[in-house]
Each structure stands twice: as structure tokens, then as C-alpha cells.
Amino acid sequence: MRWSNLFIPTLRDAPAEAEAISHQLLVRGGFIRQLQSGHYSMLPLGWKIHKKVAAIIREEMDAIGGQEFLLPAMHPADIWQKSGRWETMGEEMFRFVDRKGADQALGMTHEEVFASLGTEITSYRHLPQIWYQIQTKFRDEPRPKSGLLRVREFAMKDSYSFDLDDEGLDASFSLHHDAYVQIFNRLGLDAFPVEASSGAMGGSASVEFMVESEAGEDDVARCSSCNYSANVERASAALALIENRSSSGEPESFPTPDVRTIAELAELGHPPEHQIKTLVYVVDGELTLILLRGDHPFLEQKFIDITGVTDLRPATGEEIRSALGASPGSLGAVGVENLPIYADLALQDRTGMATGANVDDTHYSGVDVQRDIAVNEWVDVRGILEGEPCVDCGNPITISRCIEAGHIFKLGRRYAEAMGTTVLDSEGKSQTLTMGSYGIGVERAMAAVAETHHDENGLIWPMSIAPYEVAITLLKTDHTDSVDLAEDIYKALTAAGIDVLLDDREERPGVKFADSELIGIPLRITIGPRGLENGIAEVNDRSTNQKAEISLETVVEEVTNMVNDAKNESF
RNA sequence: CGGGCUGUGGCGCAGCUUGGUUAGCGCGUCGGUCUGGGGGACCGAAGGUCGGAGGUUCAAAUCCUCUCAGCCCGACCA
């Protein structure tokens with residue numbers, strides 16, 4: 001294409017509201033524009049990348065036997081009511097009523113619809129099936145942010161596997177796992193799999209594909225030496241050994257006026273690791289105590305995943321006072337018998353602990369957890385800390401910020417059961433299918449690439465998804481020989497199947513260089529009188545900043561090879 | 001939902017405290033001249049309901065009230 005005919009509205013300054021670097025560069029480069037918070041228009045340049053990302057995903061899904069569908073974005077309420085998610089999805093699902101008075105929703109994901117279609121699989125002989133689509137999802141996010149990273153309307157590749165048994169599901173899951181590795185590799189994303197929480201999707205296991213980036217929203221714990229990696233929402237760590245302090249025969253109360261926090265109690269000679277933190281939550285409507293070591297944060301997601309509760313919120317001050325008779329700061333579980341008590345595993349066998357006495361301004365010391373507290377259930381609900389020992393090998397854990405680029409789930413039979421997705425097995429008996437679901441957000445993948453592939457001059461797209469593979473920068477538009485040469489090279493490269501952008505605008509060279517770097521075209525051929533005289537063209541590599549002077553005789557062939565090499569490199 | 005910030009041509013901003021000609025500046029855009037290997041110079045021009053509504057006032061971008069939108073932090077989130 002000729003740049004002079006294209007709509008590529010580049011900006012010198014990023015809009016003030018853009019903070020994430022991917023957001024700034026995608027707007028400045030003329031790839032996207034915001035319509036409203038969380039909704040972006042794809043401009044021609046952005047849409048070209050979008051299509052290339054989607055094409056890679058399609059190739060890899062097809063390669064594992066996936067079949068492409070396209071399902072409606074708008075759903076009747078009843079399929080969501082069948083799975084129970086009409087209620088549980090809450091405000092995140094866009095809902096409205098049509099003219100007939102029927103409840104409608106905009107699809108945030110498609111387990112229900114695909115599982116319904118799956119009822120037409122009638123025999124085990126037709127299994128396994130892998131079905132997918134690349135389609136628009138709508139989610140009323142409480143806070144869209146960072147440009148394309150978290151939006152309310154986006155294209156998602158979502159796929160769904162149907163199998164008879166767990167072995168089949170494992171196989172389908174593993175195929176997706178490998179396909180995802182391949183997809184992210186081809187996108188130029190350094191994504192790694194981590195154990196994840198399944199959240200609202202439910203199911204037995206899930207793996208997220210993470211790309212390390214400050215712009216991300218997840219924290220991932222990784223072992224510095226072995227392969228252990230997990231989202232902190234479910235990560236575990238071994239405990240560094242702590243010597244128990246001795247306990248006397250029974251807890252002793254002592255006055256603690258104005259002591260409200262772990263830190264304040266620590267000043268009185270009770271370090272955080274020798275304290276019990278008592279949290280009061282309302283769990284599915286029931287007031288509940290959750291105990292942790294003083295220095296350990298509580299991770300609600302781990303609690304939800306372990307207990308399977310659906311509704312969890314901190315208790316209010318009044319609720320706490322009426323149940324325990326004291327205010328936060330002096331709470332404890334010693335002697336509490338009428339409330340359920342969950343305790344973190346780190347408190348097991350601990351003695352000589354300090355905790356609130358359920359009397360304002362009073363604490364206990366010498367608490368023996370086993371002896372003095374009626375723990376109903378021991379659970380791993382603490383957030384792990386940087387540097388703690390790995391559960392597998394004992395080496396220190398590091399925690400890093402990541403973008404969740406993909407997430408794959410073993411769903412089990414939950415949705416198939418709700419939708420009646422059954423087949424007859426080899427013995428003629430009806431069996432409910434087991435499902436997996438697997439997602440990649442297309443725009444988020446673009447943003448993740450932008451977030452990790454840029455320099456001070458702009459974006460640096462990998463060859464595999466670059467909007468144009470080669471830019472021809474024509475320095476002097478009134479120099480006939482240059483124009484003719486640029487046209488010839490443009491035609492020859494295009495004929496060789498290369499995506500070429502001919503910058504034939506009547507702009508000064510500096511503007512053209514700056515623009516081609518901003519929009520991140522991987523290779524640039526510079527054509528000008530000076531090179532012409534010497535029979536050479538200058539070829540610049542955007543990622544390495546290397547320049548080569550190549551004879552005009554061979555430049556088409558060499559650039560073609562460079563493009564194809566770069567495309568194959570990431571396979 | 002809680003906290004903070006911001007809305008003035010396509011983009012970035014000033015003006016607001018202390019109300020007062022025709023609302024400025026840079027970038028970009030259009031026409032022209034000179035230029036031409038890293039966002040060039042000069043001349044000329046177009047483009048603005050100052051987010052919206054109401055109010056105070058002789059007079060409102062500026063003061064008051066309400067409201068809408070956007071961004072950031074938190075909560076929340078496949």
C-alpha cells in the first residue's frame with residue numbers, strides 16, 4: 001500500500017489519559033482510538049495486526065483438530081439460568097430486555113451455548129471434539145484500564161473440548177497447552193504457564209499463560225531454581241522454620257491500651273510471626289473467623305477456591321462487636337465456640353502465640369493454638385511472600401507482575417450436566433461429557449506484544465504480526481529515478497508475497513523515519529539519490545537497529561529472505 | 001462502590017486564584033515560497049456551544065449548584 005492513500009493518524013504526543021506504554025504507542029501510532037471507556041475502534045493499522053494475530057491462532061487451533069464456529073453474541077437468559085450463572089455472574093454481565101419482554105444478555109463467554117450445541121453429539125464414537133470461535137465478548141468490567149489490556153468489549157478465541165472421561169479431557173487440555181505455547185511463541189510473546197485459580201469458571205484445574213510486564217494485573221510466584229510457578233491467588237510456599245515460644249498452662253491476658261495493630265503489638269515484645277491475626281468475615285451469610293499468622297496476608301481467592309463459598313465479605317464493625325464483644329484490634333478465637341473457625345496451616349502446632357482476648361484493650365499471650373482454639377478447619381489461605389522457600393525444592397520464590405495472556409480450564413461435567421450434554425458409551429449407557437474451555441483475548445495479546453516490544457522511538461512488531469513487513473522510505477518524492485526505483489522494489493516485493501508499505505508522502509525524511517519507527521515496521525528500505533548513485537539501498541532492522549547497505553541488484557531478494565527468515569524464526 | 005485527579009479546536013497545554021475587548025500558545029491540518037538522509041524555515045489561512053444543565057451578575061472559560069464523561073489507586077474481575 002502507498003502511505004499517501006492510507007489513514008494512519010500518528011500523533012506526536014500521547015493523549016493525557018494514556019498511561020500504559022502500550023496504550024500510548026497504539027494510540028500515537030494510529031492503531032486504535034477510544035470510543036468510550038473500555039471500547040476501542042480498530043483503525044486500519046490495528047485491524048491488520050488483529051487479523052494477523054487471529055490468523056496465527058486459527059492455524060494453531062486447526063492444527064490440533066479444532067473446528068471453527070461463530071456463535072451469537074446475544075443470548076437468551078434461559079441458557080444462563082440453566083447453568084446457574086444468570087445469578088452468579090452478577091453485574092459483570094450486560095443485560096437488557098427486548099421488545100417482547102424477554103431477558104437478554106451479551107455473552108461474556110460461551111460455555112452454555114457450546115454445551116447446548118454439544119447435545120447433538122450423541123455417540124462416544126464422535127469424541128473427542130474441539131470447537132472454537134473468534135468472537136466478540138462483552139463484560140461490564142468495574143474498571144476498564146490500560147488501553148487494550150482490560151476492556152469491556154473484545155475479541156476472544158474461546159475453545160471448548162468435549163470428552164467422555166478424564167483421560168480424554170487431560171489429552172484435550174494438553175493439546176491446548178501445547179497449542180498455546182506455540183501461539184504465544186509465534187506472537188513473539190515470552191509467555192509461561194502457571195497454576196491458576198479457576199475463579200467463576202469452576203472446574204478442577206486451570207493454567208494461565210503469563211507475560212511478565214509492569215502493566216499486568218496479576219502477581220505470579222516463581223521458583224528461582226525449579227519449574228514451580230503459580231498465580232499468587234493459589235501459590236503455596238514452604239514455611240521457614242520458626243521456633244515456638246513456650247506456653248504456660250493457659251493463656252494469660254494482659255492490658256494493651258491503644259494497641260490496635262499487628263505492628264503495635266509487636267512493639268510489646270510479640271513479633272508478628274508469634275501473633276495470631278483474627279479476621280471476621282461473613283461467609284455465605286454466616287459470621288466466620290479466619291485466623292492467620294500475624295505476618296501473613298489473607299488471600300480471599302484461595303479461601304473461596306478451597307471452601308467453594310460463593311459470597312465472602314468482611315464483617316462490619318457492628319456485626320463483630322455483637323458476636324465477639326470487642327472491636328477489631330482486640331479480637332481473638334480463644335474460647336470462641338459458637339462460630340466456625342478456619343485457621344491457616346501456618347498456625348498448626350504453634351505455641352506461645354499472642355492474640356486478642358475479645359475484650360477491648362486486652363490481649364492474650366502464651367496461646368497454644370491446638371489446645372486453646374477450637375479450629376473447625378485447617379486451610380491454606382495465606383498469601384505467600386517474596387523469598388519464601390519453594391514447596392517443591394526449597395529455593396527462594398520470586399514474585400513478578402504479569403499480564404494474563406491466556407487461560408485454560410478443565411471444567412469437568414458442570415456445564416454438560418446443566419445443559420444435558422450426554423452421549424451413549426460403548427455399552428449403550430448415557431454418559432455426561434466432560435468439558436474444557438480455553439481462552440485468548442486478541443486485543444490483550446496485541447497490547448501484551450506492544451507492552452514488551454518497543455523502544456524510545458515507538459513499537460517494534462515481530463515479523464509474524466507486523467501490520468506491514470517492510471516500509472520503503474522514499475526520501476525525495478520529486479526525484480524521478482528514486483520514485484521509479486521505489487516503485488519497482490515495491491512491486492517486486494509485493495509480487496514476492498511481502499506486505500509492503502511504500503512511504504510516498506511528500507514529507508521530509510525525518511518525519512518518514514520517525515513515523516515508520518513509531519508504527520514499528522520491522523524492516524525499512526531507504527531509497528534516495530545518494531544511495532542510487534552508489535547503486536545501493538539502505539536496509540534497517542527495527543529491532544536490532546542494524547543497518548546494511550545492499551546492492552540494488554539484490555535488495556529485493558535479500559529483503560524477501562530476511563522477511564521469511566524472521567517469520568520462521570519464531571516457530 | 002470508596003479515594004484522588006482531569007475535562008478549553010485532531011493532539012499536548014496556558015488562561016480560572018482576583019469575572020471585563022474578538023479565548024491564547026505549541027504540534028498537526030490547508031494554500032504558497034524556499035528546502036530536502038532524522039519530526040526544517042518563512043508567509044498566509046481554516047478550525048473552539050471553554051464537557052452539559054441551571055444559577056449569581058450589567059458581564060462567566062473564570063464564581064455557585066447539580067450532572068455527565070475520562071484517567072489513576074483500591075475493592076472487584078475468565
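Reminder, nothing fancy here: chain letters follow the sequence lines and each chain counts from 1.
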May I ask you to check if A/Lys277 and A/Phe298 form a cation-pi contact, with NZ or CZ under 6.0 angstrom from the six-membered ring centre and within 45° of the axis? no

Figure out the CG/C1' separation between A/Asp13 and B/rG28, and round it to whole Å. 10 Å

Give me the distance, rounded to whole Å, that separates B/rG15 from B/rU56 when you measure between the P atoms they each carry. 29 Å

Answer with yes or no whether A/Arg508 presents, from its side chain, a donor or acceptor under 3.5 Å of a partner atom in the base of B/rG36. no

Reckon A/Ser37 has a side-chain N or O less than 4.0 Å from the OP1 or OP2 of B/rC71? yes

Give me the distance, rounded to whole Å, that separates B/rG7 from B/rA61 when you measure between the C1' atoms they each carry. 12 Å

Tell whether A/Glu517 reaches the base of B/rG38 with its side chain through a donor-acceptor pair below 3.5 angstrom. yes

Distance in angstrom units between A/Asp515 CG and B/rG38 C1', rounded: 12 Å

Using the P atom as the point on both nucleotides, what is the distance between B/rA41 and B/rU62, in whole Å? 36 Å

Report yes or no: is the cationic atom of A/Arg222 (NZ for Lys, CZ for Arg) closer than 6.0 Å to the six-membered ring centre of A/Phe192, at no more than 45° off its axis? yes

In whole angstroms, how far is the C1' atom of B/rC76 from the CD atom of A/Glu91? 10 Å

Step by step, would you call A/Phe209 with A/His177 a ring pair (Phe, Tyr, Trp, His ring centres under 6.0 Å)? CA-CA 9 Å; A/Phe209 288 82; A/His177 187 288; 5.3 Å; yes

Once you round it to whole Å, what is the distance between C1' of B/rU29 and CZ of A/Arg12? 14 Å

Decide, yes or no, whether a salt bridge links A/Lys410 with A/Asp166 under the criterion of side-chain N to carboxylate O below 4.0 Å. no

In whole angstroms, the gap separating P of B/rG37 from CG of A/Leu532 amounts to 15 Å

N/O donor-acceptor pair, side chain A/Arg150 with base B/rC77, under 3.5 angstrom: yes

If I take atom CE in residue A/Met156 and atom C1' in nucleotide B/rC77, what distance separates them, rounded to the nearest angstrom? 13 Å

Under the 6.0 Å and 45° cation-pi test, does A/Arg85 pair with A/Trp80? no

Which one is paired to B/rG74, where only Watson-Crick or G-U wobble pairs with both distances under 3.5 angstrom count? B/rC1

What nucleotide, of B/rC76, B/rG36, B/rU29, holds the atom closest to the side chain of A/Glu507? B/rU29

P atom, B/rG19 versus B/rA59: distance in rounded Å? 15 Å

Please report the distance, rounded to the nearest Å, between NZ in A/Lys476 and P in B/rG37. 8 Å

When the C1' atoms of B/rG9 and B/rG51 are compared, how many Å lie between them, rounded to an integer? 14 Å

Nearest-neighbour nucleotide for the A/Phe513 side chain, B/rG37, B/rG70, B/rG36 considered: B/rG37

Answer with yes or no whether A/Gln34 presents, from its side chain, a donor or acceptor under 3.5 Å of a partner atom in the base of B/rG70. no

State whether the distance check finds a donor on one side and an acceptor on the other, under 3.5 Å, for side chain A/Arg524 versus base B/rG38. yes

Return no unless some side-chain N or O of A/Lys145 is found under 4.0 Å from OP1 or OP2 of B/rC77. no

Does a side-chain N or O of A/Arg143 approach OP1 or OP2 of B/rC73 to a distance below 4.0 Å, or not? yes

Roughly how many Å is it from NE2 in A/His479 to P in B/rG37, rounded to a whole number? 13 Å

Re B/rA45: Watson-Crick or G-U wobble partner, both distances kept under 3.5 Å, found to be B/rU29

Six-ring centre of A/Phe154, A/Lys137 cation under 6.0 angstrom, axis tolerance 45°: no

